[in-house]
Amino acid sequence: MKKKTLPLTEIYRSRPERWKPAAGETIESRLIFGESEPMDLEVTCISETGMAARRLQTFPETHDLPEIGEVLIRCNGSRLSFGSGRFVGAGKLPTGRSIGIRFDTRQPEQLSRLRPYLNPSSYVTHELRDDVLQAMTTSINGLQCSLTDFYRIDAPDIFEKCNRFYEMIKDLQKNKYYQGLYRVTLTSGIGPRITVFNPSRRQEEQMICYDSNSYLGLHRHPRVIAAVEQTLRTVGYGTPSSQLLSGTNKYLRTLEETIAGFHLREDCIIFPTGYAANIGTIGALVRERDLIVRDRFAHNSIRSGTLSTRSPHIEVYPHQDYDALERILSSADNNTDIMGKMIVTDAVFSMHGNVADLPRLAALSHRHNARLMLDEAHSIGVLGATGHGIEEQYGMTGSVDVLMGTLSKTPGSLGGYVVGSHELVTYLRHYAQAGMFTTALPAAICAGVTEAFHIIEEEPEHRERLWHNIRRLTVAIREAGLLVSAPQSSIITVTVGDLGLLWLVSRELFQAGIKVGSVTYPAVARGESILRLSVTAQHTDEDIEYTADWLKKIGQKYELCGKTLEELNEMAARHRLSAS
């Protein structure tokens, strides 16, 4: 039976751009109630559909909400009528001094008369200002550019690449692409539904979000929030000292023990971010005569970590080509200039969502006397029968020498860690500069993340719902005729191919109320641009159905349905040729 597309109004709500009085301006309002005494207010925020204001006089808190016959606005000698309205709320007047009022009819003309005395809300910064966007001029077609085009530009001024890159960004902003793809401004928290400011329609809109890495929704779990709140009241919001000085408190110690126990390891070191964990650990372990080998699509933090070693023996093997990896290791076995060897890769690849072959990696590391380091950022809480990650997934607990993870994905906060032997972790505490020469993770975050790890083990229903959503969305997209990845992790990808086509598809999804990631070269191969969807346990069946329906509709429009990867690559080549 054909799916029924949900009405757009059932998927997300919207409200117009909000404005606040400019510096030095006072905007007053009088509410007319018929026979009741009028109420005088000071406007703090206003839009075409309503306003927020502060009361200027006492009003009985038990007074029933009256009908507002007329909303009058006074500013700089002008007196404007915004028509009738009603209080936002029900039953009684809101307590305190702040009041919300909704106009019965939109008031764009009256608002435009107030505009000289208003500024956009604080989240509408320079790059979102309508007057700025309209005034932009550029000669670059941003749809045909990638980040690699601006990495190196030989010129006497090292800022020349900055200037040209900004021209490209201006083009994307002017044509209403950029803020639908990057730096989308949220006016709500992040979750399966978000509220964002849409600069093309000049309004806030609720959307379905596939950008969140909080796969189980733990950053909003009541137990996590309670742990954070209690710790905030006890020790404050920061821990302003390094771990080797006064930054190691009982909350950090508890977190270290919790994570070490979660992975059945002896010890754990906490870093300020996952990025820092990879850079610090690799830089501490690999020296000039050591070989380090990574997967081509390993996370950028792994790449940066390998480069920081300054080793001349850095090798990259094609994505998940373990035969190529073995050839590299075999060659190193016979190279007297190479001493130690280390393999570094992701457990779940962050762009593609596919899972590393741990049995093969472990066998290769043992055969060639190499150490194995895995980045578990996207696998904790997701892979394995109880969410313990890739080792549990393959039944190989303890097989990874250096196991790294992040606190910013399933745990839902900030930070990174490495678990291993006492000897390894003690060494990293003193030689991993990205952890040693930085401030310790705030105690409140440590307390919240500790609780999140307990929930992963104690509440399996979140992971069960997550996998229900992963499988449901994958099947729905495949039935729509699009080239979708296999359901191996929380990350689902849809291959689009051409870079310019990716921008068009992404923007149409954004305008339909669906926020997805857009991944281009060099994160993926040329001509193989993808949509990246991070599925969470909190997505509903309605979210998934609506998303699949729109993907099918847009895929048919751009002739993506029913295409193989080779056919999509051919389409991408034709697009590049026509653009040139």
Side-chain angles (χ1 to χ4, degrees), residues 124-185 199-200 273 275-276 278-280 282-283 288 292 294-316 318-319 350-351 433-434 437 496-504 506-507 517-530 532 569 572-580:
V124 183
T125 55
H126 178 81
E127 67 185 37
L128 298 175
R129 291 276 298 270
D130 193 35
D131 53 339
V132 173
L133 293 174
Q134 291 175 352
M136 284 180 175
T137 58
T138 178
S139 59
I140 292 180
N141 181 358
L143 293 180
Q144 297 301 326
C145 299
S146 71
L147 294 180
T148 55
D149 296 326
F150 305 94
Y151 176 77
R152 174 178 176 175
I153 294 177
D154 294 327
D157 183 1
I158 63 172
F159 276 18
E160 181 61 25
K161 53 184 172 289
C162 308
N163 300 333
R164 296 193 194 179
F165 180 72
Y166 184 58
E167 286 293 304
M168 185 267 285
I169 296 298
K170 285 199 302 181
D171 179 74
L172 292 177
Q173 290 175 332
K174 178 182 178 180
N175 291 290
K176 314 298 185 184
Y177 286 96
Y178 186 76
Q179 264 73 38
L181 302 173
Y182 307 109
R183 285 183 57 81
V184 177
T185 302
S200 65
T273 65
Y275 205 101
N278 274 333
I279 289 181
I282 296 170
E288 291 83 354
I292 183 164
R294 65 171 177 87
D295 189 288
R296 177 190 174 191
F297 287 148
H299 191 268
N300 182 269
S301 57
I302 293 176
R303 178 180 182 274
S304 296
T306 61
L307 294 176
S308 73
T309 66
R310 299 182 182 179
S311 170
H313 309 293
I314 298 174
E315 298 287 348
V316 180
H319 183 47
S350 59
M351 292 297 102
Q433 297 183 4
F437 294 102
V496 174
D498 179 64
L499 172 62
L501 195 56
L502 178 71
W503 299 150
L504 295 173
S506 297
R507 184 173 71 168
S518 303
V519 184
T520 68
Y521 177 83
V524 295
R526 290 188 187 275
E528 296 182 14
S529 297
I530 58 175
R532 179 183 182 274
N569 281 330
R574 290 198 300 271
H575 274 274
R576 288 196 299 271
L577 186 61
S578 62
S580 61

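Interatomic distance, E127 CD to M136 CE, rounded to the nearest 0.5 Å: 8.0 Å. Taken from CD1 in I292 to OG1 in T309, the straight-line distance is 6.0 Å, to the nearest 0.5 Å. Interatomic distance, I302 CD1 to L307 CG, rounded to the nearest 0.5 Å: 12.0 Å. Distance check, rounded to the nearest 0.5 Å: OG1 of T520 to CG of L147 gives 6.0 Å. Atoms NZ and CZ, from K176 and R507 in turn, are 10.0 Å apart once rounded to the nearest 0.5 Å. A distance of 5.0 Å separates CZ of R294 from OG1 of T306, quoted to the nearest 0.5 Å.
Below 30°, between 30° and 60°, or above 60°: for F297 and H319 the angle between ring planes is between 30° and 60°, a tilted geometry.
Residue R152 is tested with D154, D149, T148 for a side-chain contact (heavy atoms from CB on, under 4.5 Å); the sole match is D154.
The closest side-chain heavy-atom distance from P199 to Y178 is not below 4.5 Å. At least one side-chain heavy atom of N300 sits less than 4.5 Å from a side-chain heavy atom of Y275.
Counting heavy atoms of neighbouring residues, nucleotides and ligands inside a 6.0 Å radius, atom CD of E160 exceeds 12 of them. R532 CZ: more than 12 foreign heavy atoms inside a 6.0 Å radius.
Every residue meeting the salt bridge (charged side-chain N to carboxylate O under 4.0 Å, His left out) condition with K170, not counting sequence neighbours, appears here in chain and number order: E167.
S529 places a side-chain N or O within 3.5 Å of a backbone atom of G497 that can act as its donor or acceptor partner. For the pair D171 (side chain) and M168 (backbone), a donor-acceptor distance under 3.5 Å is absent. Side-chain N or O atoms of T273 include one that pairs as donor or acceptor with a backbone N or O of A276 at under 3.5 Å. Although no hydrogens or angles enter the test, the distance criterion places a donor-acceptor pair under 3.5 Å between the side chain of S308 and the main chain of G305. Side-chain N or O atoms of N175 include none that pairs as donor or acceptor with a backbone N or O of Y177 at under 3.5 Å.
Shown here for F150 and K161, the closest heavy-atom pair between the two residues is O-CB, 3.6 Å. When all heavy atoms of S301 and N278 are compared, the closest pair comes out as OG-ND2, 2.9 Å. Of all non-hydrogen atoms in M351 and I530, the two that sit nearest each other are O-CD1, 3.5 Å. For the residue pair G500 and D498, the shortest heavy atom distance occurs at N-OD2, 3.1 Å. When all heavy atoms of H313 and E288 are compared, the pair lying nearest together is CD2-O, 3.5 Å.
Inspection of the S518 and S506 side chains reveals an N or O donor paired with an N or O acceptor under 3.5 Å.
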